[in-house]
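Read through the structure below, which is laid out as structure tokens, and then see the notes.
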Amino acid sequence: MADVLLTSVRPDGPFSLSELLKSGQLFHWEPMVWQGREGHAGCLGDSGVTWIGQPDETTVLIRSVDPGEVVRYFGLDHAMGAIQAAFPQGDAVLAEAIRFSPGLRIARQPTWECLATFITSSLKQVAHIRAISMLLRQRWGELHEWEGRFFRAYPRPEMLAEAGEDALRECGMGYRAKSLHRAAVAVAEGRVDLASLQDAADLDAARAALLELHGVGEKIANCTLLFGCGCWEAFPIDVWIERILRQLYRKRLKGARLQQWAVDHFGEHAGYAQQYLFHFARKNL
DNA sequence: ATGCAGGTCCTTT
DNA sequence: AAAGGACCTGCA
């Protein structure tokens, strides 16, 4: 750890760290000034504490034992030109949403952390999702010390399985404790193989595997695929997305039909489009 | 204080 | 298939 250096990265296309950290995908990054630089710090996977800052639009600074892992996590290597070229070109609403926050990315989180966090997110506001995440880390996450501060990794499924439903409930997640605990047990016992969902070629099969879990419906399954498995075609529909599709796209469809329309309309990177629309809807509708 | 928030499940039509 | 109600908690 002694010879960990600061790495400078130039993102492919527009990138905004602050927008990404506020976008409702990631919940545990903490502001931290390091060596006089503004930035954020947190645990990323098993690589200990990572620090990241963005001094200007085209420069991202990373302090990690594995900078490549950080690049993949924050999506700094995504070819935004090519991704947006695959969007429907006549879509003025999407174009406006992209103009509204061009620096957004789809981060790629560790799958379990992503799944578990979204299980605790149902019918919750971002601030509370964050509070639950931090409490879980505090109680069962691996401790890392860096520059005199303490950080916690997201608890492994084995830890939450062993903790039990009642202890999870004490972290303020209410009825979601049952779902989280059962998911932790299922993953710990190997009944669900999250590794097999990575970059899934068969999206429907991957989604079906996640839907087996109690407390995981279409929305959370799609969030897990999009934010935790690299499946950019997955299109989570929450109240905000439903609102923008109804108000600005004049779509009255519901559930599976709306889902199908969205994937047909937005194409192979529908999930990426979803993220721009979600952020736009949250700020403007 | 009553209502509501990034859903899901179970029951009834 | 589609609609209605219940479910924990915290905050306005």
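Each chain gets a letter, A, B and so on, in the order its sequence line appears, and its residues count up from 1.
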Practice task
Take atom P in C:dG4 and the same atom in B:dC4, then report the distance between them in whole Å.
Solution key: 16 Å
Exercise for the section: For A:G24, report the nucleic acid contact type (base, sugar-phosphate, nothing); a contact means any heavy atom under 4.0 Å. Expected result: base
Practice task
Give a yes or no on whether the backbone of A:C229 and the side-chain of A:R108 come within a donor-acceptor separation of less than 3.5 Å.
Solution key: yes
Handout entry: Interface with DNA chain C, restricted to residues 114-133 of chain A and to heavy atoms under 4.0 Å
Key = A:K124, A:H128
Problem - Atom-to-atom span, NE2 of A:H214 to C1' of C:dC7 - whole angstrom - result: 10 Å
Handout entry: Outermost nucleotides of DNA chain B that come under 4.0 Å of a non-hydrogen atom of chain A
Key = B:dA5 to B:dC9
Practice task
Determine the interplanar angle of the A:F266 and A:W261 rings, folded into 0 to 90°, and report it as parallel if under 30°, tilted if 30 to 60°, perpendicular if over 60°.
Solution key: perpendicular
Exercise for the section: Determine, step by step, whether A:Q25 and A:R105 satisfy the side-chain contact (heavy atoms from CB on, under 4.5 Å) criterion, reporting the C-alpha distance in whole Å, the side-chain angles of both residues, the deciding distance to 0.1 Å, and the verdict. Expected result: CA-CA 10 Å; A:Q25 299 177 49; A:R105 299 280 164 122; 5.9 Å; no
Exercise for the section: Could you tell me whether A:R207 and A:D204 make a salt bridge, using a distance below 4.0 angstrom between a side-chain N and a carboxylate O? Expected result: yes
Practice task
May I ask you to establish whether A:R243 and A:W240 are in a cation-pi arrangement, using a distance under 6.0 Å from NZ or CZ to the six-membered ring centre and at most 45° from the ring axis?
Solution key: yes
Exercise for the section: Scan A:I220 against the nucleic acid and name what it touches under 4.0 Å (heavy atoms): base, sugar-phosphate only, or nothing. Expected result: sugar-phosphate
Identify the pairs formed between an N or O of the protein and an N or O of nucleotides 1-6 of chain C at a distance under 3.5 Å, and give each distance.
unit_1 : atom_1 : unit_2 : atom_2 : d
C:dA2  : OP1    : A:R257 : NH1    : 3.2

Problem - Carboxylate-amine/guanidinium proximity below 4.0 Å for A:R137 and A:E142 - result: no
Practice task
Could you check A:L211 against A:Q274 and say which one's nearest nucleotide on DNA chain B is further toward the 5' end?
Solution key: A:Q274
Practice task
Report, as yes or no, whether the 6.0 Å neighbourhood of atom CD on A:E165 holds more than 12 heavy atoms from other residues, nucleotides or ligands.
Solution key: yes
Practice task
Name all residues meeting the ring pair (Phe, Tyr, Trp, His ring centres under 6.0 Å) criterion together with A:F87; count only those two or more places apart in sequence or in a different chain, and write none if there are none.
Solution key: none
Exercise for the section: Let me have DNA chain B in dot-bracket notation, would you? Count Watson-Crick plus G-U wobble pairs, both distances under 3.5 Å, and use [ ] for pairs crossing earlier ones and | for inter-strand partners. Expected result: .||||.|||||||
Practice task
With DNA chain B as reference, determine whether A:K22 or A:V216 sits nearer its 5' end, using the nearest nucleotide of each.
Solution key: A:K22
Exercise for the section: Name the orientation class of the two ring planes belonging to A:H78 and A:W232 (parallel below 30°, tilted from 30 to 60°, perpendicular beyond 60°). Expected result: perpendicular
Practice task
Please name the residue in the list A:I220, A:N222, A:V216 that meets the side-chain contact (heavy atoms from CB on, under 4.5 Å) test with A:E218.
Solution key: A:N222
Practice task
Run the ring-centre check on A:W51 versus A:W29 and record whether the distance is less than 6.0 Å.
Solution key: no
Practice task
Could you tell me how the ring of A:Y154 sits relative to the ring of A:W112: parallel (under 30°), tilted (30 to 60°) or perpendicular (over 60°)?
Solution key: perpendicular
Practice task
Output all residues satisfying ring pair (Phe, Tyr, Trp, His ring centres under 6.0 Å) with A:W140, sequence neighbours left out; order by chain, then residue number.
Solution key: none
Problem - Pairwise P distance, B:dG6 and C:dA3 [rounded to whole Å] - result: 22 Å
Completion exercise
Separation of C:dC7 atom C1' from A:Y175 atom OH, nearest Å, is 6 Å
Practice task
Look at A:E145 together with A:R149 and state whether they make a salt bridge at an N to O cut-off of under 4.0 Å.
Solution key: no
Practice task
Can you tell me the distance, in whole Å, between the CZ atom of A:R169 and the P atom of C:dG10?
Solution key: 12 Å
